[in-house]
Structures are given as structure tokens and as C-alpha cells.
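All ligand and atom numbering here is 1-based and tracks the order in the structure. For clarity, every value in this text was computed on a predicted model and none was experimentally measured. If you read the sequence from its start, that first residue is 1, and numbering goes on from there.
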Amino acid sequence: MSMWVKSRIILFPLIVLFAIGMIGCGKRPPRGKGRAGAGGGSDITAAALATYVAPGDLDEYYLFYSGGHSGQIYVAGVPSMRHIATIPVFAPYPATGYGFDDETKEMLGGYTWGDSHHPAFSETDGEYDGRWLFINDNAQGRLARIDLRDFKTKQIITIPNISANHGSSFVTQNSEMVTMATRMSVPFPQGTYADVTEYATKYKGIAAGININPESGDLTLGWEILLPPFNYDLGDAGKGESDGYMFWTCYNSEREFIENGKLEVTASQKDKDYILMVDWRAASKAVKDGKAKMVKGAPVLDPAKVSDIAWFVPLAKSPHGVDVSPSGRWIIGSGKLSPTTTVYDIQKMKKAIADKDFEETIDGIPVLTYASVREAEIPVGLGPLHTQFDDRGNAYTSLFVESAVAKWKLPPYADGQDMNTVIVDKIPVAYNIGHLVTAEGDSKSPDGNYLVALNKLSKGRHLSVGPSIPESAQLIDISGDKMKLLYDAFTEPEPHYAVMIKADKIETVEVYKKDDEYWEKNPNAIWTPEEADIKRKGNKVEVWMLTVRSFFAPDVIRVNRGDEVKIHITNIEQTRDELHGFAINDYDINIVIDPGETKTVTFKADKPGVYAFYCTNFCSALHQEMQGYFLVK
Ligand code: RUQ
Ligand code: CUA
């Protein structure tokens with residue numbers, strides 16, 4: 001029996017399992033001592049010691065996990081799992097004044113939310129270099145860059161023609177490019193109207209390569225590739241042996257969206273879907289050679305006209321994750337409706353491309369012959385989603401339906417080896433794991449040590465907070481032969497993916513130094529109370545304000561109703577954590593200025609009366625006295 005026939009037989013029970021997996025594991029663990037969680041068989045004392053970071057001591061790793069539709073990124077320490085910071089990205093965050101001042105408001109582009117899924121570090125030679133963190137918006141065609149010197153979002157780029165950017169952000173080994181792709185195909189070009197009955201022909205997917213400026217980290221669009229209307233899901237960038245390629249899984253190769261047809265059923269009819277493989281250097285060159293057509297401001301390459309840029313690789317139906325091993329040789333695709341994970345050999349894939357060993361061609365994209373490129377099918381368990389790695393040749397695959405992590409050996413394998421012997425360990429998690437992350441697990445040299453399971457459902461393992469409960473993140477020790485559960489942590493909704501970096505790789509600034517050339521000089525900064533000023537031009541009022549413990553200068557601003565008011569505020573403190581806030585009551589103005597920072601806010605004085613303004617950040621013994629008045633005549 002071929003694998004495809006077999007997978008069809010098990011498909012229906014698996015769809016059911018996938019659905020009930022979401023509700024099936026509600027067993028409540030006994031309260032109290034003596035059990036380390038989900039039956040991992042851990043020793044409580046050993047687990048407690050392994051995660052205890054004494055007061056004043058520092059964690060070994062930073063964990064950056066995505067906040068899903070909260071739009072944010074959350075930062076924790078490992079192994080303590082303590083939450084340290086929140087980095088606002090796609091949504092306003094009053095705590096840091098993000099989205100209130102002119103600059104960050106403009107960056108948000110009128111949106112009040114985003115759906116952050118996959119953070120990725122910048123890399124140098126396949127190693128995390130601690131410079132930038134990128135994150136995608138799965139709802140809009142957006143990608144953001146965070147500077148790890150100050151943990152702030154510095155850029156959000158919106159790319160045309162991409163709908164639901166899920167296969168993002170995955171970075172090439174020297175941070176040349178980062179991926180983006182369409183998860184939910186729409187008519188092309190963006191903004192075109194075509195009914196869903198024309199889905200197969202008028203709707204299109206897009207994969208995009210975004211250039212990263214090696215000095216500034218600035219993101220700019222490199223190319224877009226026009227694709228059949230499949231759902232492009234997860235991605236990864238090649239490294240080592242697979243450097244030069246980008247990979248994305250896709251489902252719905254049926255290219256259908258039938259009204260009331262339930263995509264979950266219609267998109268699972270065919271035995272197989274694909275991994276899309278793109279030669280990003282060839283795509284960049286094709287644009288340079290003038291082979292792209294500008295559509296909505298984007299250089300779009302059509303594989304029906306430009307060859308040797310994109311290929312499909314068959315994979316068990318409805319896949320989710322695709323992950324590149326540390327050496328770059330093994331490409332691992334997981335079909336969520338198949339109990340196996342498929343390992344491909346990049347050497348065989350390159351050979352199939354060179355030999356034109358193709359099964360067929362779809363919309364100009366050749367499909368590599370499955371039997372020629374597959375290395376092995378690993379029976380990891382039910383509902384495999386994502387794979388991570390350690391430093392000893394092991395892979396760890398999350399099993400959503402089974403609520404477990406499977407540990408298995410990467411190739412090479414002996415001739416005729418029973419693939420069941422490749423699975424070396426399994427640990428249950430609580431419950432229904434999505435992504436998982438190992439220490440430096442996307443780099444060329446993962447550390448081993450720790451794995452964090454990002455579980456979709458945590459039910460009953462914490463104090464009850466009503467019907468909507470937090471997701472859980474479980475810390476697992478992977479340093480030995482057997483995985484050991486160490487700790488249950490709970491997170492803001494809702495982490496999709498996370499990345500873990502050695503703490504000493506990140507060097508943060510303590511303050512924005514007055515003369516630091518790293519930070520662009522703000523022309524509106526003032527450093528002495530004497531420079532404080534209010535100027536009027538017609539109905540425009542501009543204010544240069546200074547703030548320091550414990551006053552504002554000026555502390556009275558008089559305007560007329562209907563004036564446009566622009567306030568530049570500089571916090572002249574040069575001491576770490578001496579932030580000042582600037583809030584105008586009843587005007588929805590809330591700015592937070594870090595030491596040495598200047599921020600600008602512009603608004604209309606449309607309500608007459610007298611409004612107090614004050615410092616929102618507790619800054620000194622006389623913080624309460626830090627206030628002034630905004631008078632609107
Ligand atoms: S997804 S649970 Cu948005 Cu990365 Cu796989
Ligand atoms: Cu400044 Cu409180």
C-alpha cells in the first residue's frame with residue numbers, strides 16, 4: 001500500500017481526533033505536592049532546583065514569545081520563566097505610551113491590533129547575533145523589526161498583495177532576507193473584486209522576500225512571486241547546505257473555496273500538499289534583470305514566465321510546520337493529518353532540480369519527484385506540527401493531537417532501519433502543544449538544555465480565572481537522554497512561536513546618551529529649561545517641553561479651542577529607569593519618555609476648559625507634585 005493510500009485511510013479518524021484533541025484532555029491533575037505536572041515523572045526537588053533563580057540572580061536565556069492577536073511580544077527569562085517585559089509591536093500599549101506619540105502612531109498605520117506569530121532573530125553565519133528581532137502580522141501583510149539594544153519596535157513595513165502574512169518571519173543565515181507569504185489567498189492584485197466562485201482562477205497567493213539592510217536593519221521589499229491559490233502556511237529559511245533557499249508549507253492544493261463547503265473538509269481531499277521552495281538569490285537577480293512586473297508597487301515574478309526560482313515538493317496532506325535542521329541538510333515537513341513527519345535531503349532536492357526530475361508542473365512551478373527527494377518518513381505520533389533541535393543530532397516534534405513532544409534522531413540512518421527505532425523519547429504536555437522552542441534552536445548550533453512547549457490549552461493547572469484562561473508554557477529539561485518536565489508557566493494570549501537566545505548575546509543601552517551617535521539626534525530635543533518654548537503660527541501651537549525630576553518646563557500651556565497643538569517632550573535624565581510620563585487628562589494623551597528620549601504628540605484642542613497634565617511614571621519622592629495645566633480658551 002502506498003503511503004498516500006494509507007494516509008487516506010487514517011485521515012478521517014485523525015480529523016476527528018484533531019477536533020476532539022481541543023476538548024479531550026480536561027483531566028484535572030491532583031492538587032498539592034508530589035507530582036510534577038503532566039506525568040513527566042519528574043522529581044519535584046530536582047525540578048525546583050533546576051528552575052530556581054535566586055533573588056538578584058539572572059536567568060541564562062531570554063525567551064521572546066509572540067502574543068498572537070494581542071499584537072505584542074512578551075519577554076521571559078529561562079529557566080525561571082519569569083515575565084520580564086512586554087514589547088508592544090502591532091497594538092498600542094499605554095504602559096510605554098506606544099501608539100500615542102506621533103512616531104509610533106504613524107508606525108501602527110491606523111490599526112489597533114495585529115496578530116504576531118513568529119519571532120526570529122537576526123543571524124550572522126547562522127548564529128543569533130542579538131541585533132534585531134523580527135515578527136510577522138498574520139492578519140495584515142506586515143512585518144516588524146525590534147531593536148534589541150532598547151527592546152523597541154523600530155519599523156513596521158506593509159507589503160502589498162499579501163493577505164494574512166503567516167509564513168513569516170524566517171531569516172536567512174546572514175540576515176540578507178526575511179520571508180513573508182499569503183496564508184489566505186485573495187484576488188490579485190490586492191483590492192480586486194472577484195467572487196469566491198472564481199477562487200481557482202482569480203485568487204492568488206504570494207511569497208515575498210524582504211531585504212534587511214545589514215547596517216540599520218531597515219526592511220525593504222525585494223521581490224514577490226505569484227503563486228496558485230493555496231494556503232501558504234509555515235516557513236523556514238535554509239542554512240548551511242540549504243543556504244539560498246526558503247521553504248513554505250502549503251495546504252488547500254485543491255485550490256477551492258466552496259461557500260458553506262467547510263475548508264477543513266475541502267482542503268483535505270487530496271493525498272498530498274506541498275512544500276514551496278524558492279531560490280531567493282535567483283529571485284532577487286530576476287528582479288534586477290528586469291523580469292518582474294510592477295503590481296501595486298511590488299516587483300512580481302510569475303513562475304510561468306520566469307523559470308528556476310520556485311519548486312514544489314510533495315508532502316503528506318494539510319501540512320503545517322517546515323523546519324531546517326542545524327546543518328541545513330535535512331528539511332522536515334509535518335503533515336498535521338498524517339502521523340508521520342517527512343525528512344527531505346537538500347542534496348537530493350538540488351539533484352532533482354538539476355536533473356529536472358519532476359512529477360508535474362503547477363502554474364509554471366515544477367513539482368519535484370517525491371520518491372527522489374524524500375529521505376525518510378518518521379512515525380512521530382498524532383498531529384505533528386513543529387520541529388526543533390538540540391546539539392546532539394536530535395529533533396523534537398510537537399504533537400498537537402497526542403499532547404506530547406517526540407524526540408527522534410536525525411539521519412543518517414542504517415539501510416532498512418525500522419523507523420520506529422528512531423523515536424527515542426516522548427513526554428506528555430498539558431495540553432495540545434502548538435509550537436515548541438529549544439535554546440538557540442533555529443541556529444546552526446542549538447544549545448540543547450531547555451525546551452519550552454507552547455501549549456494551546458492549559459485547563460485546570462492554575463487558579464481559575466473564568467471561562468477564558470491563559471495559555472501554558474512548559475519548561476522541559478532536554479539535557480539528558482530522557483526529557484524531564486520542570487515548570488508550568490502561564491502566558492498572555494496567545495503565544496504562537498518563541499525564540500530563545502543566550503542572555504549574554506544581548507547588549508542593551510541603559511539610557512539614550514545625549515551624544516550617542518547610535519541614536520539619531522532629534523532636532524526638537526532641548527536640554528535646558530531655558531530652551532523650553534511655546535510658539536504660535538496661525539492656529540498652530542508648537543511646544544518644546546523638558547521633563548526632569550520633578551517638574552515640567554513649561555508647566556502651563558495656553559491655547560485656543562480648535563488649535564492644532566504639537567508638543568515635543570525631552571526627558572533629560574541620564575539615569576537608568578528614570579522615565580517620566582506625560583498625560584493630559586480627558587484628552588486621551590499618554591506619552592512615556594525614557595531617559596534621554598524626545599517624543600512628539602500632535603492633537604487638536606477641541607474641548608474647552610482647563611485640563612491637568614501629570615507624570616504617570618513614579619519617578620521620585622515628589623512624583624505626585626509633577627504636574628501642570630493645559631488651558632483651552
Ligand atoms: S502557527 S501552532 Cu501560527 Cu506558527 Cu503552528
Ligand atoms: Cu516624573 Cu513621575
Apply the test side-chain hydrogen bond (donor to acceptor under 3.5 Å, both in side chains) to residues Asn455 and Gln474: give CA-CA distance (whole Å), side-chain angles for both, the deciding distance (0.1 Å), then the verdict.
-> CA-CA 8 Å; Asn455 306 316; Gln474 291 186 300; 3.2 Å; yes

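- Listed by atom number, the atoms of ligand 1 under 4.0 Å from His118 heavy atoms are 1 (S), 3 (Cu), 4 (Cu).
- Side-chain atoms of Tyr111 and Asp137 form no donor-acceptor pair, as typed in the model, at a separation below 3.5 Å.
- Atom 5 (Cu) of ligand 1 has an N, O or S atom of His320 under 2.8 Å away, backbone or side chain.
- In this model, a donor atom of one side chain and an acceptor atom of the other lie less than 3.5 Å apart for His320 and Asp233.
- Atom 5 (Cu) of ligand 1 has no N, O or S atom of His117 inside 2.8 Å of it.
- At a heavy-atom distance under 4.0 Å, no atom of Asn138 approaches ligand 1.
- Near Gly434, with a cut-off below 4.0 Å to any heavy atom, the atoms of ligand 1 are 2 (S).
- In summary, the side chains of Gln140 and Asp115 do not present any donor paired with an acceptor at a separation below 3.5 Å, with no hydrogens or angles considered.
- Each of His386, His118, His117 was compared with Tyr497 under the side chain to side chain contact (heavy atoms under 4.5 Å, CB included) criterion, and only His118 meets it.
- Near His496, meaning under 4.0 Å from one of its heavy atoms, ligand 1 places the atoms 3 (Cu).
- A distance of 5.5 Å separates CG of Leu219 from CZ of Phe134, quoted to the nearest 0.5 Å.
- The pair Asp273-Lys317 does not count as a salt bridge, with every side-chain nitrogen at least 4.0 angstrom from each carboxylate oxygen.
- Judged by distance alone, the side chains of Trp408 and Thr397 do bring a donor and an acceptor atom under 3.5 Å apart.
- Just one residue in the list Ile478, Asp447, Val499 forms a side chain to side chain contact (heavy atoms under 4.5 Å, CB included) with Thr438, and that residue is Ile478.
- For atom 2 (Cu) of ligand 2, the count of nearby protein N, O or S atoms, meaning those under 2.8 Å away, is 4.
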